[in-house]
Enquirer: 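First, the structure itself, so that you have it in front of you.
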Amino acid sequence: MLSTTCLSTLLAATAAACNLYVASYDGNVTTLSLSTTADGGYESEVIYTNPGCAGSPAWLTLDAANDVLYCLDEGNQTPNGSITAFRTSASGELTVLSDRETITGPVSSVLYGSNSSRAIALSHYAGQAVSTFSIAANGSFVPLQNITFTLPGPGVNPDRQTGAYQHQVVLDPTGQFILVPDLGSDLVRILHIDPSTNLLQEQPALQMPPGSGPRHATFWSPDGNVSNGYGTNSTLYFYVVGELLNTINGFRVSYSAAGGIHFTPVFSTNTFGGAPVPTGAAAAEISISPDNRFMVVSNRLDRTFKIPNFDPNNSTAEPSDSLANFIPQADGTLLFTQIWPAGGLHPRHFSFNKAGDLIAVALQLSNRVVIHERNVTTGYIQWPVAANAVGEQPTTVVWDEE
Ligand SMILES: *[C@@H]1O[C@H](CO)[C@@H](O)[C@H](O)[C@H]1NC(C)=O
Ligand SMILES: *[C@@H]1O[C@H](CO)[C@@H](O)[C@H](O)[C@H]1NC(C)=O
Ligand SMILES: *[C@@H]1O[C@H](CO)[C@@H](O)[C@H](O)[C@H]1NC(C)=O
Ligand SMILES: *[C@@H]1O[C@H](CO)[C@@H](O)[C@H](O)[C@H]1NC(C)=O
Ligand SMILES: *[C@@H]1O[C@H](CO)[C@@H](O)[C@H](O)[C@H]1NC(C)=O
Ligand SMILES: *[C@@H]1O[C@H](CO)[C@@H](O)[C@H](O)[C@H]1NC(C)=O
Ligand SMILES: *[C@@H]1O[C@H](CO)[C@@H](O)[C@H](O)[C@H]1NC(C)=O
Ligand SMILES: *[C@@H]1O[C@H](CO)[C@@H](O)[C@H](O)[C@H]1NC(C)=O
Ligand SMILES: *[C@@H]1O[C@H](CO)[C@@H](O)[C@H](O)[C@H]1NC(C)=O
Ligand SMILES: *[C@@H]1O[C@H](CO)[C@@H](O)[C@H](O)[C@H]1NC(C)=O
């Protein structure tokens with residue numbers, strides 16, 4: 001755990017450097033250090049790289065409380081994927097704790113279970129599966145389950161919907177269910193967690209619009225109060241981003257006394273706030289701001305903007321994909337407020353710092369991570385304050401501010 005308080009413009013007087021971890025398809029996990037400068041600006045630099053998650057690092061899950069970073073190797077050049085656990089440190093150095101082969105194509109992971117019985121679930125895109133491991137006290141992975149899925153029928157999109165591509169694993173706020181957007185099947189798979197074993201049991205799936213290609217999802221509650229028992233039907237919504245049609249579908253969530261989770265459609269829009277979708281666009285990530293007031297979605301391949309070149313010696317403007325900003329309303333609708341340049345091409349993943357005044361974006365096809373300032377009052381994303389080249393094809397970026 002870092003002993004320092006991570007920087008924030010709101011706490012500039014006491015600011016200290018903080019670290020970000022970046023996974024890249026070139027095989028490295030890179031540590032970036034971000035610090036404030038005397039003139040109130042920011043400085044960022046690559047301070048460490050580790051090839052322990054090679055060959056195709058695709059996703060990071062940080063367990064900040066326990067100083068462990070989980071990295072998934074998608075296995076793009078090998079028959080299998082793998083999962084690596086790194087011990088983190090304030091210096092940015094990562095040490096491999098354990099490593100294990102998995103079904104191919106892991107692209108997302110989530111921790112679940114209790115402190116005394118922890119497990120991790122992985123969604124496999126190419127592998128068309130969800131796999132789970134329990135995490136032993138010494139950090140090693142003990143295989144629990146491999147659940148494979150099949151397409152219910154021919155996909156609407158013949159190019160992309162050729163298999164049951166499991167794109168993300170999302171834990172519900174009660175910790176009882178794992179929701180799995182399946183891009184190929186236009187479903188969100190629903191898996192119930194047995195708390196005594198951490199084994200998953202499949203329940204009837206949530207149907208998504210045909211051809212939408214569910215990719216990533218998030219829960220949101222107007223009161224943001226996780227402790228007040230979402231399980232007792234306080235207001236809770238679930239939003240799913242469809243990569244193929246650039247849709248956002250919102251559902252009201254309820255739980256039945258018999259142990260089920262239920263979804264009622266409440267709202268839909270597109271990831272451009274209702275404006276026409278640019279040809280070729282492929283929405284990627286969705287995330288709620290730390291203050292629970294805003295939702296940001298990333299758009300890839302939309303080329304909505306031209307921005308000043310990041311190379312100061314190049315006066316030609318460069319194309320940029322976008323980030324879309326929404327304010328979720330108490331009735332579950334989304335108020336579109338802003339579309340903003342992501343800072344380059346293919347914003348596959350982004351994350352907010354804890355204070356919410358910075359947002360870091362992994363730009364897969366610009367080979368850089370860009371950190372934008374963000375106004376916490378209005379939620380508006382603003383111009384970049386830092387940018388770093390981070391090898392080839394960054395896929396995920398997470399903050400370590402403990
Ligand atoms: C990983 O980083 C190291 C150190 O910067 C670099 O030498 C190496 O080329 C990188 N690996 C790949 C596959 O890019
Ligand atoms: C679980 O562990 C975390 C981190 O060590 C701790 O903050 C939390 O209080 C623990 N929860 C319970 C229920 O023990
Ligand atoms: C690796 O992948 C191959 C081909 O899919 C599979 O037969 C084999 O069981 C996998 N190996 C391990 C250790 O999972
Ligand atoms: C770690 O714990 C697991 C499960 O208890 C055990 O099978 C394995 O041998 C241990 N590994 C080491 C290196 O101690
Ligand atoms: C799941 O598949 C992986 C990769 O083939 C294998 O290593 C692991 O043992 C399997 N898990 C179970 C529970 O069978
Ligand atoms: C959260 O819910 C709990 C239980 O209903 C309540 O005691 C607490 O005051 C709520 N906290 C906030 C910040 O609303
Ligand atoms: C949630 O609401 C549903 C429908 O009104 C009801 O059947 C169910 O018992 C409620 N669940 C809980 C845990 O209160
Ligand atoms: C830009 O050009 C100047 C002058 O040729 C050179 O010193 C500098 O290193 C270049 N900067 C970059 C980022 O390439
Ligand atoms: C300058 O930037 C443009 C736009 O990104 C790019 O197409 C071009 O190759 C760059 N020129 C050089 C010399 O790097
Ligand atoms: C954020 O926006 C509000 C409203 O426009 C403005 O009053 C405030 O100064 C802005 N904060 C920063 C840090 O720019």
Side-chain angles (χ1 to χ4, degrees), residues 7-15 19-34 36-37 39-60 69 71-78 81-82 84 86 91-96 99 289-291 293-294 296 307-318 323 325 327 335 337-338 340 343-344 352-359 362-397:
L7 61 83
S8 153
T9 49
L10 303 173
L11 301 170
T14 56
N19 293 333
L20 298 94
Y21 306 114
V22 184
S24 307
Y25 267 164
D26 66 11
N28 275 330
V29 177
T30 301
T31 309
L32 288 179
S33 169
L34 182 70
T36 45
T37 57
D39 64 1
Y42 292 91
E43 203 161 59
S44 61
E45 58 175 330
V46 171
I47 56 171
Y48 182 76
T49 60
N50 190 309
C53 184
S56 338
W59 185 260
L60 299 171
L69 179 68
C71 179
L72 302 181
D73 157 27
E74 195 174 342
N76 292 343
Q77 297 88 21
T78 51
S82 66
T84 302
F86 293 103
S91 70
E93 190 175 334
L94 301 170
T95 314
V96 175
D99 201 341
S289 63
D291 65 4
R293 292 172 53 224
F294 300 91
V296 176
I307 56 174
N309 209 292
F310 276 77
D311 174 355
N313 291 342
N314 187 334
S315 59
T316 307
E318 61 170 78
L323 300 174
N325 215 329
I327 304 181
L335 183 65
T337 62
Q338 181 194 29
W340 190 254
F352 299 93
N353 67 341
K354 270 188 192 162
D357 59 354
L358 297 170
I359 184 167
L363 292 145
Q364 188 178 342
L365 297 184
S366 295
N367 299 334
R368 70 169 77 106
V369 165
V370 170
I371 302 174
H372 304 262
E373 219 156 14
R374 186 176 166 274
N375 183 314
V376 293
T377 308
T378 60
Y380 287 127
I381 302 159
Q382 299 166 336
W383 289 107
V385 295
N388 288 88
V390 281
E392 298 291 316
Q393 299 207 48
T395 53
T396 312
V397 56

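Counting starts at 1 for both ligands and their atoms, in listed order. For the single chain, residues carry numbers from 1 onward in sequence order.
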Enquirer: Side-chain contact test, heavy atoms from C-beta onward, threshold under 4.5 Å: evaluate it for N353 versus I371 and give yes or no.
Expert: no

Enquirer: Compare every heavy atom of V96 with every heavy atom of N50, then report the nearest pair and how far apart it is.
Expert: OD1-CG2, 4.5 Å

Enquirer: So which atom in N388 and which in E45 form the shortest heavy-atom distance, rounded to 0.1 Å?
Expert: ND2-CA, 3.7 Å

Enquirer: Can you find a side-chain donor-acceptor pair between S289 and D291 that sits under 3.5 Å?
Expert: yes

Enquirer: Ignoring angles and geometry beyond distance, decide whether N375 reaches within less than 3.5 Å of ligand 10 through its nitrogen or oxygen atoms.
Expert: yes

Enquirer: Which bit of T49 is near ligand 1, meaning a heavy atom under 4.0 Å away: side chain, backbone, both or neither?
Expert: side chain

Enquirer: How long is the span from the CG atom in L94 to the CG atom in L69, to the nearest 0.5 Å?
Expert: 6.0 Å

Enquirer: Exactly which residues line ligand 8, taking a heavy atom under 4.0 Å from it as the test?
Expert: P312, N313

Enquirer: Just do the side chain to side chain contact (heavy atoms under 4.5 Å, CB included) check on V296 and F352 with the steps written out, would you?
Expert: CA-CA 10 Å; V296 176; F352 299 93; 3.7 Å; yes

Enquirer: Working to the nearest 0.5 Å, report the span between CZ of F86 and CG of L60.
Expert: 8.5 Å

